Amino acid sequence: MIRVDDSKALQNRTDLTAELSQAHEWLQKATGKGSDFVGWVNLPQDYDKEEFQRIQKAAKKIQSDSKALVVIGIGGSYLGAKGAIDFLCSSNYNLKKKDTPNIYFVGCGLSADYLQEIMDLIDGQDFSVNVISKSGTTTEPAVAFRFFKAKLEEKYGKAEAAKRIYATTDKARGALKSLSDAEGYETFVVPDNVGGRYSVLTAVGLLPIAVAGVDIEALMDGAKEMMETCRRASLDENPAWRYAAARTQLYREGKKIEILAAYEPAFRFMTEWWKQLYGESEGKENKGIFPASVEFTADLHSMGQYIQQGERHLFETVVRFGKSASDLKVPFDAADGDGLNFLAGKDMDYIAAQAMDGTLLAHVEGGVPNLIVSVGEKNAHTLGELVYFFEYACGLSGYLLGVNPFDQPGVEAYKKNMFALLGKPGYEDMGAALREKLGR
């Protein structure tokens with residue numbers, strides 16, 4: 001069960017019960033801003049069970065016939081899956097000895113060197129592709145898909161290649177759906193009422209996660225358990241209420257930056273998922289907490305100085321996990337050249353806990369409010385709980401901020417400029433104006 005401790009963050013708690021109750025009602029009844037995109041609220045209970053079985057079947061097929069899976073997507077189409085695989089399987093997943101395929105994520109940028117490297121890494125290997133795009137026309141993944149589709153067809157021929165392409169896309173329309181129907185790709189659905197950054201518990205995230213060997217039934221069970229908890233309209237019984245209330249109060253008191261921290265390197269990419277979730281949901285109308293992240297204790301030796309003594313416009317949210325799977329104790333060294341024999345025989349979990357508490361005290365005394373999110377052991381059930389907890393708290397927070405937590409109008413600005421500069425038909429006049437601004 002997730003617990004939120006705000007005692008080291010708030011001196012006097014502001015009563016936000018009425019605002020929380022309204023935001024909670026908007027989410028539960030789908031009556032607030034962006035209500036067309038709150039399908040994730042009941043997803044852990046209402047998900048398509050038939051498709052879920054097809055996901056599991058497809059994952060087993062990929063495991064049996066491929067040494068690599070290339071996942072093509074950007075933003076919410078890859079961050080959750082990447083984060084879950086790193087956290088549950090290892091950030092060194094592709095380097096480990098295992099019975100599951102290596103998983104490579106592409107289409108999340110425009111680097112020629114990166115694309116070429118992945119193509120070189122899978123050269124000579126049996127591989128499959130999971131292309132994820134609701135429209136099929138998003139530039140980065142669409143360009144990457146061209147490369148890997150061609151590579152599959154060159155290796156296997158058009159008909160066999162089609163059996164190795166899995167498309168996660170719109171249920172009925174769009175370029176990728178049309179191509180999938182024409183070519184015979186197996187398809188999975190990006191639900192109309194679930195936005196990309198909330199989609200990790202749909203086929204968008206579940207297929208790659210299942211291919212990595214993660215128990216996705218446990219993942220969904222954890223999410224369902226948290227969903228039921230988040231239905232409670234209570235600050236004491238609903239951790240998402242407490243987290244949303246605390247960060248809202250801190251923002252109103254002038255804390256404009258939230259740093260998500262964890263003492264677990266495998267959690268690094270989950271913080272990237274969290275940053276998109278909160279940044280894209282709240283950052284609009286010249287409002288919103290800026291989401292940042294650090295990995296402790298490593299970043300205490302780099303960002304630690306700023307956190308301790310820099311401008312006091314930030315707060316920390318620290319995610320704490322239960323006991324590690326590995327039971328490591330510090331060895332005794334007769335020479336004791338490093339002077340660390342006082343740690344000999346002590347468990348690494350114990351040492352990490354003291355580092356957490358020492359850092360907490362230092363940062364709080366330095367004027368940095370700290371919220372503590374305590375979670376269970378690292379497993380699929382726990383991660384399902386955590387994903388849903390952050391999603392629900394994000395929806396509440398957006399409504400408390402007074403914005404639509406489920407749109408992202410600002411994202412289109414760079415796309416229009418990019419299309420114009422690339423010479424996309426219909427953007428010629430705009431392209432000329434932009435090149436003049438750039439002095440080209």
Side-chain angles (χ1 to χ4, degrees), residues 2-17 19-20 23 235 239-265 267-268 270-321 352-375 386 389-390 393-394 396-403 405 410:
I2 291 173
R3 292 178 290 107
V4 175
D5 180 359
D6 60 11
S7 63
K8 299 295 189 295
L10 305 175
Q11 296 296 319
N12 297 293
R13 189 180 293 118
T14 301
D15 186 3
L16 298 176
T17 304
E19 292 179 69
L20 282 164
L235 195 68
W241 270 45
R242 186 167 291 274
Y243 177 50
R247 62 194 305 278
T248 297
Q249 180 175 336
L250 289 166
Y251 176 69
R252 293 175 181 177
E253 292 174 356
K255 303 301 183 182
K256 306 296 185 181
I257 298 170
E258 179 177 11
I259 299 176
L260 187 69
Y263 289 74
E264 176 51 68
F267 196 66
R268 180 189 287 264
M270 283 305 300
T271 68
E272 296 299 316
W273 168 81
W274 173 87
K275 283 191 286 191
Q276 186 201 1
L277 179 66
Y278 280 80
E280 204 167 66
S281 296
E282 292 187 309
K284 53 201 70 165
E285 299 178 26
N286 297 314
K287 301 177 184 178
I289 298 170
F290 182 82
S293 64
V294 289
E295 177 196 315
F296 288 159
T297 59
D299 285 335
L300 291 173
H301 297 261
S302 56
M303 292 296 292
Q305 173 61 41
Y306 187 95
I307 296 170
Q308 188 70 41
Q309 294 184 326
E311 189 171 345
R312 304 294 77 182
H313 55 4
L314 56 85
F315 66 96
E316 287 178 294
T317 296
V318 182
V319 183
R320 291 190 172 192
F321 297 100
Q354 309 322 303
M356 290 183 210
D357 288 341
T359 304
L360 169 69
L361 292 172
H363 287 183
V364 171
E365 289 171 3
V368 182
N370 266 239
L371 294 168
I372 308 299
V373 178
S374 296
V375 191
L386 191 61
F389 160 78
F390 275 133
C394 186
L396 291 173
S397 295
Y399 283 144
L400 289 171
L401 187 64
V403 300

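Because only heavy atoms are used, hydrogens play no part in the values below, and waters and symmetry mates are left out as well, while side chains stay in. Everything numeric in this text was worked out from a predicted model, so none of it was measured.
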* Validation row: L314, H363 side chains within 4.5 angstrom (heavy atoms) -> no
* Any chance you could measure L400, atom CG, to L20, atom CG, to the nearest 0.5 Å? => 5.0 Å
* **side chain to side chain donor-acceptor pair (under 3.5 Å) against K275, all qualifying residues, sequence neighbours excluded** => E272, S293
* To do: Report the distance from atom CD1 of I372 to atom CE of M356, rounding to the nearest 0.5 Å.
  => 9.5 Å
* To do: State which residues pass ring-ring contact (aromatic ring centres under 6.0 Å, His included) with Y251; sequence neighbours excluded, sorted by chain then number.
  => none
* In Å, rounded to the nearest 0.5 Å, how long is the span from CD of E365 to CD of Q308? -> 8.5 Å
* **With sequence neighbours excluded, residues passing side chain to side chain contact (heavy atoms under 4.5 Å, CB included) with A240** => C230, N238, F389, Y392, A393, L396
* **Note, F390 side chain near L260 side chain (heavy atom, < 4.5 Å)** => yes
* To do: Sort and list the pairs that fulfil salt bridge (Lys or Arg N to Asp or Glu O under 4.0 Å) and have at least one residue in residues 5-17, not counting sequence neighbours.
  => D6-R13, D6-R242
* Asked: Under the side chain to side chain donor-acceptor pair (under 3.5 Å) test, which residues partner T317, sequence neighbours left out?
  -> E258
* Side-chain donor/acceptor of R312 to backbone N/O of G366, under 3.5 Å -> yes
* Contacts of F315 that satisfy ring-ring contact (aromatic ring centres under 6.0 Å, His included) - sequence neighbours left out -> none
* What salt bridge (Lys or Arg N to Asp or Glu O under 4.0 Å) pairs are there with at least one residue in residues 294-311, not counting sequence neighbours? -> R268-E295
* Atom pair CG/CD of L401 and E285 - distance to nearest 0.5 Å -> 8.0 Å
* To do: Identify, with sequence neighbours excluded, every residue that meets side chain to side chain contact (heavy atoms under 4.5 Å, CB included) alongside E253.
  => Q249, L250
* To do: Heavy atoms only: give me the nearest L277-C394 pair and the separation to one decimal.
  => O-SG, 3.5 Å
* When you look at CZ of R252, are more than 12 heavy atoms from neighbouring residues, nucleotides or ligands closer to it than 6.0 Å? -> yes
* How many angstroms lie between CG in L16 and CH2 in W241, if you round to the nearest 0.5 Å? -> 10.0 Å
* To do: Go through the structure and list residues passing ring-ring contact (aromatic ring centres under 6.0 Å, His included) with W273, not counting sequence neighbours.
  => none
* **Side-chain touch V375/V319, heavy atoms, less than 4.5 angstrom** => yes
* Between R247 and E282, is any pair of side-chain heavy atoms under 4.5 Å apart? -> yes
* Residues which pass salt bridge (charged side-chain N to carboxylate O under 4.0 Å, His left out) with K255, listed by chain and number, not counting sequence neighbours -> none
* To do: Compare every heavy atom of A292 with every heavy atom of I257, then report the nearest pair and how far apart it is.
  => CG2-CB, 4.5 Å
* Tell me, which pairs form a ring-ring contact (aromatic ring centres under 6.0 Å, His included) where one or both residues lie in residues 279-305, sequence neighbours left out? -> Y263-F296
* **Set of residues satisfying ring-ring contact (aromatic ring centres under 6.0 Å, His included) with respect to Y278, sequence neighbours excluded** => W274
* Asked: Looking at V403 and S281, what are the two nearest heavy atoms and their distance?
  -> CG2-O, 3.8 Å
* Asked: Rounded to the nearest 0.5 Å, how far apart are CG of N370 and CG of L360?
  -> 5.0 Å
